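When reading the values below, keep in mind they use all heavy atoms of this one structure, side chains included, and skip hydrogens, waters and symmetry mates. All of these numbers come straight from a predicted model, not from anything done at the bench.
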Amino acid sequence: RDGNNIDSLSENDQIPEFEDLDVSNQTSQITDKRLNSYEDAKGVFVWTQKHLQSAQQYFTLDERCSDYVDLVRDMSQLYKYLSYFEKDDDNKCKMHRRRADLLEPLNRDLSPTHYLL
């Protein structure tokens, strides 16, 4: 049984709760509303990028390879989502180039025998 999968929990299993965890200052910084403009998307992009980069300080390629790769892939997706809202084709191309720039080192540094993207 996979203990990390909520679908595998039975009725009698206890789900941990973080009663003393105050995230109210974080929830005010992000929205649950639909993003309708580049400006809205850019705000979410900047907030998410900041936290992904912070996580990359802990999850390094050398010590936590799988987690680091997931973070880089998330960052690539973040640029992809932001590009949807960009109207200028040159800027869209730059965002997609940035995505490639993020992913190319993984392709170069990771062993295809041990890690498949």
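P105 places none of its side-chain heavy atoms less than 4.5 Å from the side chain of L110. At least one side-chain heavy atom of Y38 sits less than 4.5 Å from a side-chain heavy atom of L82.
For F45, the ring pair (Phe, Tyr, Trp, His ring centres under 6.0 Å) partners two or more places apart in sequence, or in a different chain, are Y79.
What you find for L78 and L52 is that their closest heavy atoms are CD2-CD1, 4.1 Å. Across all their heavy atoms, A41 and L35 have their closest contact at CA-CD1, 3.9 Å.
We find the CE-CZ distance between M75 and R99 to be 12.5 Å, quoted to the nearest 0.5 Å. Taking OH of Y68 as the start and OG1 of T60 as the end, the distance is 8.5 Å to the nearest 0.5 Å. The CZ atom of R98 lies 10.0 Å from the CG atom of L103; values are rounded to the nearest 0.5 Å. Residue S76 holds its OG atom at 6.5 Å from CG of L102, rounded to the nearest 0.5 Å. Annotation: the span from Q49 atom CD to Q53 atom CD amounts to 4.5 Å, rounded to 0.5 Å. One distance of note links CZ of R34 with CG of D40; it measures 11.5 Å at 0.5 Å rounding.
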Which pairs of donor and acceptor atoms, one on a side chain in residues 84-92, lie under 3.5 Å apart (sequence neighbours left out)?
from: E86; atom 1: OE2; to: D88; atom 2: N; distance (Å): 3.0
from: D88; atom 1: OD1; to: D90; atom 2: N; distance (Å): 2.7
from: D88; atom 1: OD1; to: N91; atom 2: N; distance (Å): 3.3
from: K92; atom 1: NZ; to: E86; atom 2: O; distance (Å): 3.4

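Grouping the Ile, Leu, Val, Met, Phe, Trp and Tyr side chains by contacts below 4.5 angstrom, directly or via other members, places L71 apart from Y81.
For E104, the CD atom is densely surrounded, since the number of other residues' heavy atoms within 6.0 Å is greater than 12.
Of the possible donor and acceptor atoms, one in the side chain of T48 sits under 3.5 Å from a partner among the backbone N and O of V44.
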